[in-house]
2 protein chains.
Amino acid sequence: MNISEVAKVTDLSVKTIRYYEEIGLVTPHRSSNGYRSFDKRETHKLQFLASARALGFSIENCRSLLALWVDRSRASADVKQIAQDHLTEIEEKIISLRDMQITLQNLVRACAGDARPDCPILQGLSK
Amino acid sequence: MNISEVAKVTDLSVKTIRYYEEIGLVTPHRSSNGYRSFDKRETHKLQFLASARALGFSIENCRSLLALWVDRSRASADVKQIAQDHLTEIEEKIISLRDMQITLQNLVRACAGDARPDCPILQGLSK
DNA sequence: TCTTGACCTTCCCGTAACTGGAACCCTTAT
DNA sequence: ATAAGGGTTCCAGTTACGGGAAGGTCAAGA
């Protein structure tokens, strides 16, 4: 499969796939004309990467997960550790965003949002 | 005030303050020795910026908010618009993170996390 | 006076994970 | 012959700074 076809089935952009090759996540063969050629295995890797990225794993975590995925003798504990750590990060981000949300909601609610200059939002920010 | 002192009172890093000057958010005077010298006004701007950044506003939004802040003839509607848009972004991020969280929680729960290779997390990612 | 240490300066590189664009090659159809 | 629609590489830009080098400035102590 050529790159644009793989892009379609994996729902990744052509640019992204080239980037993943550049950083060593996939290693497609090359046709005689120099075009990348993706077999089933490399395509499946890209699908795996797409799923992991969709769950917010960093590229480096994806690299680790991919290595565990191809390693038949892995321990599931190693996978779980990565996932658990990532989950913790997600929870922290949610908490941080929620704090911002609450503060902002209060400011927005208090602001008339009309033509007058008085603005509780700006007041809140200048303290 | 010299830069390190301002850094302390604003709780911004020295690097960050220099960066804010570079992109035109603040314009400190210079002492005869070339050191930056922050008066009350510039220091207050930095405090404003620190608050806005803490609420997750982008630098460009901070620039707009700062302009409205110094503009005595602003309409509070303009401020509210920026805040409301940002609030929407935050809500979208939270939703996205919560989706990831739920999916990941299910995978992590299903994974034994022991020495065996069987791993529902990897299975979930390879679909 | 000299030196030491703590300031300050500018300048340049690196980060994450790509995206956009330029310049150019390959293939197929008209 | 040419045009359209693939493909290729390489370079620059994105966000909001942080790290570090090379070097000027200042106040205090020996």
Side-chain angles (χ1 to χ4, degrees), chain A residues 1-39 42-43 45-46 48-66 82 85-86 89-90 93 96-97 100, chain B residues 1-38 42-43 45-46 48-66 85-86 89-90 93 96-97 100:
Chain A
M1 279 204 284
N2 280 352
I3 197 166
S4 66
E5 203 176 345
V6 182
K8 257 173 221 151
V9 308
T10 59
D11 209 33
L12 293 169
S13 78
V14 166
K15 283 281 194 183
T16 296
I17 295 173
R18 281 200 273 254
Y19 175 66
Y20 286 176
E21 183 193 10
E22 190 189 330
I23 63 174
L25 290 179
V26 289
T27 51
H29 299 124
R30 293 290 176 138
S31 306
S32 52
N33 58 12
Y35 288 13
R36 288 170 182 80
S37 175
F38 294 83
D39 59 19
E42 295 307 308
T43 305
K45 273 194 198 175
L46 287 171
F48 180 91
L49 290 167
S51 300
R53 290 290 296 140
L55 286 182
F57 285 103
S58 71
I59 290 288
E60 284 317 305
N61 273 348
C62 286
R63 192 190 299 279
S64 305
L65 290 170
L66 199 53
I82 294 172
D85 289 353
H86 181 45
E89 278 178 27
I90 287 177
K93 277 190 194 171
S96 160
L97 284 170
M100 295 180 189
Chain B
M1 277 202 283
N2 280 353
I3 197 167
S4 66
E5 205 177 344
V6 182
K8 257 173 220 151
V9 308
T10 59
D11 209 32
L12 293 169
S13 78
V14 167
K15 282 280 191 182
T16 296
I17 296 173
R18 280 200 274 253
Y19 174 66
Y20 287 175
E21 183 193 12
E22 191 190 329
I23 63 174
L25 290 179
V26 289
T27 51
H29 299 124
R30 295 289 178 140
S31 306
S32 53
N33 58 13
Y35 289 13
R36 287 171 182 80
S37 176
F38 294 83
E42 295 306 309
T43 305
K45 273 194 198 174
L46 286 172
F48 180 90
L49 289 168
S51 300
R53 291 288 298 138
L55 285 182
F57 285 103
S58 71
I59 290 287
E60 283 318 304
N61 273 347
C62 287
R63 191 190 300 279
S64 304
L65 290 170
L66 198 54
D85 289 353
H86 180 46
E89 278 177 28
I90 287 177
K93 276 190 195 172
S96 161
L97 284 170
M100 294 179 191

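So you know, we letter chains A, B, ... as the sequences are listed, proteins then strands, and number each from 1. Quick caveat: nothing in here was measured; it's all calculated off a predicted structure.
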Does a side-chain N or O from A/Tyr20 land closer than 4.0 Å to OP1 or OP2 of C/dA17, or not? no
Pair B/Arg36-B/Glu22, salt bridge (charged side-chain N to carboxylate O under 4.0 Å, His left out): steps then yes or no: CA-CA 12 Å; B/Arg36 287 171 182 80; B/Glu22 191 190 329; over 6 Å; no
Can a donor-acceptor pair be found, under 3.5 Å and without considering hydrogens, that links the side chain of A/Ser31 to the backbone of A/Gly34? no
Over how many whole Å does the gap from A/Asp11 atom CG to C/dC18 atom C1' extend? 16 Å
Would one find a side-chain N or O of B/Ser4 under 4.0 angstrom from OP1 or OP2 of C/dC8? yes
Between D/dG18 (P) and B/Leu12 (CG): distance, integer Å: 9 Å
How is A/Ile23 classified with respect to the nucleic acid when contacts are heavy atoms under 4.0 Å: base, sugar-phosphate, or nothing? nothing
Going by atom type alone, with no hydrogens or angles, which donor-acceptor pairs under 3.5 Å involve a side-chain atom of residues 1-10 of chain B and a protein atom two or more places apart or on another chain?
residue, atom, partner, partner atom, Å
B/Thr10, OG1, B/Val6, O, 2.7
B/Thr10, OG1, B/Leu12, N, 3.3

Side-chain N,O (B/Arg36) to OP1/OP2 (C/dT10) below 4.0 Å: yes
Provide, to the nearest angstrom, the distance between the CZ atom belonging to A/Arg30 and the C1' atom belonging to D/dG6. 15 Å
Nearest-nucleotide 5' precedence on DNA chain D, A/Lys15 against A/Glu5: A/Glu5
B/Ile3 CD1 to D/dC26 P, straight-line distance once rounded to whole Å: 16 Å
Whole angstroms only, please: what is the CE-P distance between B/Met1 and C/dC8? 12 Å
Over 12 non-hydrogen atoms of neighbours within 6.0 angstrom of CG in A/Asp11: no
Atom-pair distance (CZ on B/Arg53; C1' on D/dG18), nearest Å: 14 Å
Is B/Asn33 close enough to D/dC26 that one of its side-chain N or O atoms is under 4.0 Å from OP1 or OP2 there? yes
Separation of atom OH in B/Tyr19 from atom P in C/dC11, rounded to whole Å: 17 Å
Would you mind reading off the distance between A/Arg63 atom CZ and C/dC18 atom C1', rounded to a whole angstrom? 15 Å
C/dA16 phosphate, OP1 or OP2: any side-chain N/O from A/Ser58 under 4.0 angstrom? no
Has the side chain of A/Tyr35 got a donor or acceptor that lies under 3.5 Å from a partner of the other kind on the base of D/dG6? yes
Start at the 5' end of DNA chain D and walk down; is the nucleotide closest to B/Ser32 or to B/Phe57 reached first? B/Phe57
Over all strands shown, is A/Arg18 touching base, sugar-phosphate only, or nothing at heavy-atom distances under 4.0 angstrom? base
Which value, rounded to the nearest 0.5 Å, describes the distance between B/Phe57 atom CZ and B/Glu89 atom CD? 9.5 Å
Most 5' of B/Asn2 and A/Ser13 on DNA chain C, judged by nearest nucleotide: B/Asn2
